[in-house]
There are 2 protein chains.
Amino acid sequence: MAATILVVEDEPSIQSLIEVNLRRAGHEVILASDVETARRLVGAALPDLILLDWMLPGLSGIDFARQLRRDARTKMLPVIMLTARSEERDKVEGLDVGADDYITKPFSPRELVARIKAVLRRHAPQVTEDAVELGGIRLDPVSHRVTAGNEDIAFGPTEFRLLHFLMTHPERVYTRTQLLDQVWGDHVFVEERTVDVHIRRLRAALEATGHDSLVQTVRGSGYRFSAT
Amino acid sequence: MAATILVVEDEPSIQSLIEVNLRRAGHEVILASDVETARRLVGAALPDLILLDWMLPGLSGIDFARQLRRDARTKMLPVIMLTARSEERDKVEGLDVGADDYITKPFSPRELVARIKAVLRRHAPQVTEDAVELGGIRLDPVSHRVTAGNEDIAFGPTEFRLLHFLMTHPERVYTRTQLLDQVWGDHVFVEERTVDVHIRRLRAALEATGHDSLVQTVRGSGYRFSAT
DNA sequence: TGGGCGGTGTCACCGAATTGTCATCACGCT
DNA sequence: AGCGTGATGACAATTCGGTGACACCGCCCA
């Protein structure tokens with residue numbers, strides 16, 4: 001359940017309140033006091049979730065959210081809005097902008113953590129610790145184990161992460177570059193063709209139980225996990 | 001992926017090392033040995049990315065970066081910092097200034113090219129990818145799949161793009177030239193007759209499910225996708 | 001300290017899929 | 001029949017993904 005969370009909030013007291021609580025919940029916290037900084041941080045490395053204050057100096061949180069939705073790279077980033085105002089009108093406008101959830105100040109730390117957890121579960125399956133079961137394969141992040149029927153399949157760390165990502169995002173083609181970003185990390189420098197090799201190792205491991213056909217090649221585009 | 005890159009670096013040997021490698025990667029390279037020159041070049045024409053040395057004679061790279069971030073016209077320009085120092089403190093200060101990424105000397109040419117590619121990708125505009133359903137065929141760019149009923153139809157990359165374009169612009173005739181521009185790309189030199197061949201391959205693939213009549217020939221004009 | 005060892009990232013090479021062109025054939029008009 | 005246009009089949013070049021081999025690297029253990 002550990003996730004990297006970008007907190008965009010200008011008031012220092014609230015900032016640290018949030019930080020402490022999120023860290024206690026096991027999350028990695030990155031802080032930004034204004035939209036400019038936040039944008040840069042997002043540019044440098046994608047967080048798993050953004051906690052965004054409504055009112056900010058300079059560009060407002062709502063504008064930033066709109067920008068995030070416009071950019072393909074951040075379109076899917078879950079955003080939770082943080083606002084002091086609790087009026088209905090604002091909630092509507094916020095959701096309209098594409099916020100995934102709302103928290104109105106004052107909030108309880110427990111509510112904060114709970115909502116974040118909920119949004120993560122809904123939005124970024126691979127950072128949760130739920131087991132995935134698909135196409136006759138079961139992958140359990142907690143025990144770090146993959147089973148097909150009652151056979152255990154062994155994977156190296158990278159293959160495991162790769163399979164985990166693909167299984168939590170099935171029926172979707174990913175280019176080698178996207179896979180590198182998602183599985184290896186945004187800033188890791190690795191040859192694109194390396195993905196091929198790991199796909200092959202993944203398939204080799206799955207072959208023992210005949211599940212290797214779940215990992216499909218889409219020529220000219222990339223790879224896809226498909227259970228159909 | 002080709003971009004115009006402004007390289008601000010005072011040491012001739014490194015300058016040419018960078019230049020050679022970037023050109024090989026298909027980029028246009030503009031060189032500047034100091035901040036004054038760089039500023040003038042940026043004023044004349046905005047590059048797609050700036051590769052900026054940390055230490056420069058006169059005004060330092062970091063100050064230049066700060067200026068770039070202040071100016072509205074250059075605020076969104078991606079900047080990659082180039083530094084000999086690898087200390088954490090510097091990295092933090094650099095990101096603080098607004099660099100999009102970091103490369104510490106010595107660096108491998110491949111790393112250089114890869115990081116530039118990554119940064120450019122992050123700044124790239126989005127493209128919407130909604131599924132199209134028309135005339136009994138469903139094309140989903142996300143999963144990169146075409147289905148008729150519950151049959152899957154396989155296409156080569158070009159046929160897929162061609163069908164995608166036609167389905168998103170139905171009931172409209174396109175000349176071969178227009179199709180070449182839209183599907184192949186503006187500056188590609190390909191025989192017009194080649195379109196015929198791909199139309200045929202498209203039809204051949206659609207024939208299996210009897211949907212080949214959706215792609216129609218308009219004698220003397222071109223081709224059309226029609227669901228009627 | 002010096003090997004094994006599992007895991008990774010790169011390469012070079014191979015076979016298969018894809019593509020652009022041509023030469024020809026077919027068809028609809030006048 | 002004679003044109004003008006498309007459709008087709010064949011083909012050679014090129015691109016792309018699959019693979020096996022191999023060099024590292026960090027670790028554990030003798």
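In what follows, every chain begins at residue 1, and chains take the letters A, B, ... in the order their sequences are listed. Everything numeric in this text was worked out from a predicted model, so none of it was measured.
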Can you name the residues that form a side-chain hydrogen bond (donor to acceptor under 3.5 Å, both in side chains) with [X], not counting sequence neighbours?
| X | answer |
| --- | --- |
| B/D140 | B/S143 |
| B/Q216 | B/R224 |
| A/T4 | none |
| B/R200 | none |

message = Taking ring-ring contact (aromatic ring centres under 6.0 Å, His included) as the definition, give me every residue that meets it alongside A/Y223, ordered by chain and number, with sequence neighbours left out.
response =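 By the ring-ring contact (aromatic ring centres under 6.0 Å, His included) rule, A/Y223 matches no residue at all.
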Residues forming a ring-ring contact (aromatic ring centres under 6.0 Å, His included) with A/H211, sequence neighbours excluded = none
inquiry  = Does anything in residues 214-226 of chain A come within less than 4.0 Å of DNA chain D? Heavy atoms only, and list the residues if so.
reply    = A/T217, A/R219, A/G220, A/Y223
request  = Starting from C1' on D/dA13, measure out to CD on B/E191 and report it in whole angstrom.
outcome  = 16 Å
key: Span of DNA chain C, from the first to the last nucleotide whose atoms fall under 4.0 Å of chain A heavy atoms   =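 Under 4.0 Å from chain A, the extent on DNA chain C is C/dG7 to C/dT18.
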query = Short question: side chain of B/Q15, backbone of B/E9 - any donor-acceptor pair under 3.5 Å?
reply = yes
request  = Taking salt bridge (charged side-chain N to carboxylate O under 4.0 Å, His left out) as the test, write out the residues that go with A/R203, two or more places apart.
outcome  = none
key: Pairing residues for A/D34 by the salt bridge (charged side-chain N to carboxylate O under 4.0 Å, His left out) criterion, not counting sequence neighbours   =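 Not a single residue meets the salt bridge (charged side-chain N to carboxylate O under 4.0 Å, His left out) criterion with A/D34.
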ask   = Do any of residues 192-211 of chain A sit with a heavy atom less than 4.0 Å from DNA chain C, and if so which?
value = A/T194, A/V197, A/H198, A/R201
ask   = Could you give all pairs that pass the side chain to side chain donor-acceptor pair (under 3.5 Å) test and reach residues 147-158 of chain B, with sequence neighbours left out?
value =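 Listed by first then second residue: B/R145-B/D152.
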